[in-house]
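Written below as structure tokens is the structure these notes are about.
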Amino acid sequence: MHSSLEGPEVSGPKTDKDEKPAASNPPSFEASLRPKRQQVARACDSCRMHRIKCDNNIPCKNCASRGEPCINKSPSERRTLPQAYREIDRLKQKVRELEEQLENERNRSLLVSAAAPPFATPPGTTDSSPTPDVVIIPPGAAGRHAQVWGGVMTSTGQSPQKSWYGPSSLFYYIHRMNTYLSGVFQQLHPDDILQLKSVAKTFATPDCNLAEDDDKADAKDVSQTVSNEAYLNPTQEEYFLNLYWQSYHPMLAIVDETEFRRHYRSLATKPGKPRKPSPLVDIVIAVSMQVGMAMAQRNSSRALSATEVGKDDPSIAGRLYYRRCQRLLYNEQEAPTLMTVQCHMLSAVYTCCAAFQNMSHVALSLAVRSAHMLGLHTEPPSDLPIATKDLRRRVWWSLYTFESKTCMKLGRPFYTEADSTSCDLPAHDHRVASLAGSDFALLDENTTWLTYTLYNVRLLLSARKVHTTFYERYPDFYNGSTGRVIYDDPEALERYAEFLSTAMKPFDDWVASVPDGLKMKREGDGRPLSIDRSPILVEQFVPPWLQRQRLLLELLYHVLRLNLYRPFICFPSMAMESNSFGNMCLSHAASAAEHSIAATHIFHHIVRNTDLLVGFHEAFQWQWNAALTLVGYSFAYPTSSIAALVRESIDLSIVVFEDFGRSFGTALGAATVMRDLAIKIDFLADILRGGHAPAAAAPSVPSAPSAPIVQDAATDRFTLDAAAPPAAVPSVVNDIPYTQDFFSGSMDMAYSVDNSGDPEMLWPPIGNMPDQWWFHAQPPGLNGITGGFPG
């Protein structure tokens, strides 16, 4: 008899011969002490196949004796029927989720252009456009079937929750460009790759989830140190309040300085004790600290991170004051005052500069509704003092323009309506300026420090009129019969571009009306508010507030125009021929690039020679908007006649971001992203020049307009010279080799702001590519220009 511990025992049917000895021999004392065989939870695969007993050793004794690998591939196999049913349900749910993801990806590929020649692209796809891009309005809603230019759902904050952004937004443009790049490089480019590494990406709210209570912060000994974690003493508050009057106040004249100072003095308590809280004072200090702490950071030796913006970043300085303001405003919802509207507007400024775009939009909605409750959209009562009546007008129209600018930037519907507004435009004469509570110098006979407010309002009214007309007429030019979006129908897109040309006249009228006192001077015969790229002249003995008014007015003009032209930057695809897009469409794309170039040149000159924009975070966002427009144009039209100029302007934008990066960390991340995009632009340009030529032939690449681009001096719009002969496209463009395997290795490319410092990490080894990285990795030369590439 063999013990069960001595070796394997083959099981089988027992015979009578086997059972008789067991029956004839009585059990012995030793047999009763035999240990019970150890139970094995799961036999290995080999023992199961041979139907022999297994132990719990690894390897088991059987496998060790046979010299076989001891493997157990299914240790979690369901052993009971209910467990099996649950596992089946889980697998069915997983299959449904995967099928849904696959269907969504297929729908997306039908709506967007995945790539451009000479790169592998699924045929039948067109320009990059997010899902859903076509919305059918039911007859009951609009009286007829109409198609609306849809938007994109994307996450722009710390939460994965997605928000909707319309076709005029930068996020929509980023999505189109990322979809195009995903096809070009045969790897997914998520939208957040080209989104700024801001505080909003790190924290859910501007207060950074602070745990300490406000009362504890009040009790802290602040001494003379300015901290984001404590309230300021009276001396420090006075410093930041004075900074507000010289920085934001001339551009956003919604607070009467004299009345504010009187209100601030009324909040004083006993000497050495904190003042009484006030929402208006708190939010004014908060936005001033954003500017002041950026100035302090610029002059300090503390280095900011380019990969993650922490709670010590100047963009959220003063967050304790912001949070206390919001808590106090909560008690004013039922009975708002003019101060309530002012606080909501400044809260929108604070959150916008901290890159919390949705919070800024919400604050503006609260400001608009509160203004309606107060009747600010109507003409002020005649029995009010002149200063009060004009202050109400300035508050309403500043809110109207701020909200219009934000909604156009985000591509969302407007809250304010001009049809329901009976309030006159704000006055700017000498009498009103002298009663406005601030003591600024008079510029000339017809221009005061309030003139900027009037012409800023008129600029936004012009831009909103063009914007509304343009997007409302979308269904008149595209009915959905060809493709899923207007980019699938080049003829409709060309007619739409021609319509935009006729709608831009309000901009031209505005330019002609701006007084000389609000125009930035140019060297030589250069024209302000144009795209002639003439060097600007910063006058030496002009107060900073006036220089800043002139600067911001011209920059906003360029930003508004480039945003309207940008939808006509069309990313090519295999479905489109090189001459598919019409001349007017190509002209508008060039105009978007030219206004971006003009803005970038202004930014570069200002940041390299002055401190006028230090701490102005919205100006930085304008430069980011212009820089990405240039990047998209470079990808879409690599052989354009202005390609070299666009490439040089991208290098200038990097210099601008690096300068802004001395004040807040988000700009450093922007510079890193732009360097990586510049590398990709140069890489593709090398291919178009024939630097890397695989063996097969490719279809032609959509290139520059076939005729030279001519600037219209009266309208700053580019047109195509029909009389000029077509520009010769280099033969290498039409003979570019095409193969999908060329970019097959790029699936392993890791592209992110966090690890993009080394260019070799961005690309897989392709031929002799590493030998050429020395050129792209060189630091910028004088003025930050590397030389770009020839068009």
Side-chain angles (χ1 to χ4, degrees), residues 239-240 242-253 257 288 291-292 294-299 428 430 433-434 436 438-456 459 511 514-559 597-620 622-623 626 649 652-653 655-663 667 782-785:
Y239 169 82
F240 287 106
N242 289 334
L243 180 61
Y244 176 82
W245 305 123
Q246 295 296 322
S247 57
Y248 274 108
H249 181 55
M251 272 65 67
L252 191 63
E257 183 178 355
S288 299
V291 177
M295 294 178 177
Q297 171 61 41
R298 184 181 182 86
N299 298 322
H428 66 107
H430 288 191
S434 63
S438 299
D439 188 17
F440 291 107
L442 300 177
L443 304 184
D444 56 42
E445 183 179 355
N446 300 315
T447 310
T448 67
W449 73 278
L450 292 178
T451 305
Y452 168 86
T453 300
L454 176 63
Y455 281 89
N456 186 65
L459 173 59
V511 170
V514 177
D516 292 337
L518 287 180
K519 294 180 179 178
M520 295 184 64
K521 303 299 185 290
R522 293 300 198 277
E523 295 181 5
D525 297 330
R527 294 184 299 114
L529 298 171
S530 71
I531 52 177
D532 63 6
R533 298 187 298 277
S534 56
I536 62 175
L537 182 63
V538 180
E539 299 176 72
Q540 185 176 3
F541 301 111
V542 173
W545 63 265
L546 178 56
Q547 293 183 4
R548 199 174 285 117
Q549 282 186 344
R550 295 171 174 174
L551 173 63
L552 295 179
L553 193 65
E554 178 154 350
L555 288 174
L556 180 59
Y557 165 77
H558 287 299
V559 169
I597 292 170
T600 300
H601 278 251
I602 294 174
F603 272 113
H604 182 261
H605 182 88
I606 292 297
V607 301
R608 294 296 295 270
N609 297 282
T610 74
D611 292 333
L612 291 174
L613 295 180
V614 175
F616 280 80
H617 302 265
E618 187 180 19
F620 156 74
W622 292 348
Q623 174 64 93
S649 298
L652 290 182
S653 72
V655 177
V656 174
F657 292 140
E658 289 174 340
D659 191 88
F660 274 117
R662 296 167 56 190
S663 301
L782 294 177
N783 298 323
I785 302 177

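Q547 contributes a side-chain N or O that, together with a main-chain N or O of V542, makes up a donor-acceptor pair within less than 3.5 Å. Formation of a donor-acceptor pair under 3.5 Å by the Q549 side chain with backbone atoms of L518 is not found in this model. Distance alone, capped at 3.5 Å, places no donor-acceptor pair between the R298 side chain and the S663 backbone.
Residue A294 comes nearest to G615 through the heavy atom pair CB-CA, 3.6 Å, listed as atom of the first residue, atom of the second, then distance. For the residue pair L613 and F660, the shortest heavy atom distance occurs at O-CE2, 3.6 Å.
Note: F616 and Y248 have tilted aromatic rings, judged against thresholds of 30 and 60 degrees for the angle between ring planes.
Scanning for ring pair (Phe, Tyr, Trp, His ring centres under 6.0 Å) contacts around F657 gives F620, W624, with sequence neighbours left out. Scored by the salt bridge (charged side-chain N to carboxylate O under 4.0 Å, His left out) test, R662 finds D659 as partners (sequence neighbours excluded). For F440, the ring pair (Phe, Tyr, Trp, His ring centres under 6.0 Å) test picks out W449, W545, with sequence neighbours left out.
Note that NE2 of H430 and CG of L443 are 8.0 Å apart. Values are rounded to the nearest 0.5 Å. Separating the CG atom in L450 from the CG atom in N456 is a distance of 12.5 Å, to the nearest 0.5 Å.
Enclosure of atom CG in D525 is not indicated, since only 12 or fewer non-hydrogen atoms of other residues, nucleotides or ligands lie within 6.0 angstrom. Residue D439 qualifies as open at atom CG: its count of foreign heavy atoms under 6.0 Å is 12 or below.
None of N446, T447, T453, L454 except one satisfies the side-chain contact (heavy atoms from CB on, under 4.5 Å) rule with H428; the exception is L454.
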- May I have the step-by-step check of side-chain hydrogen bond (donor to acceptor under 3.5 Å, both in side chains) for E523 and S534, ending in yes or no? CA-CA 7 Å; E523 295 181 5; S534 56; over 6 Å; no
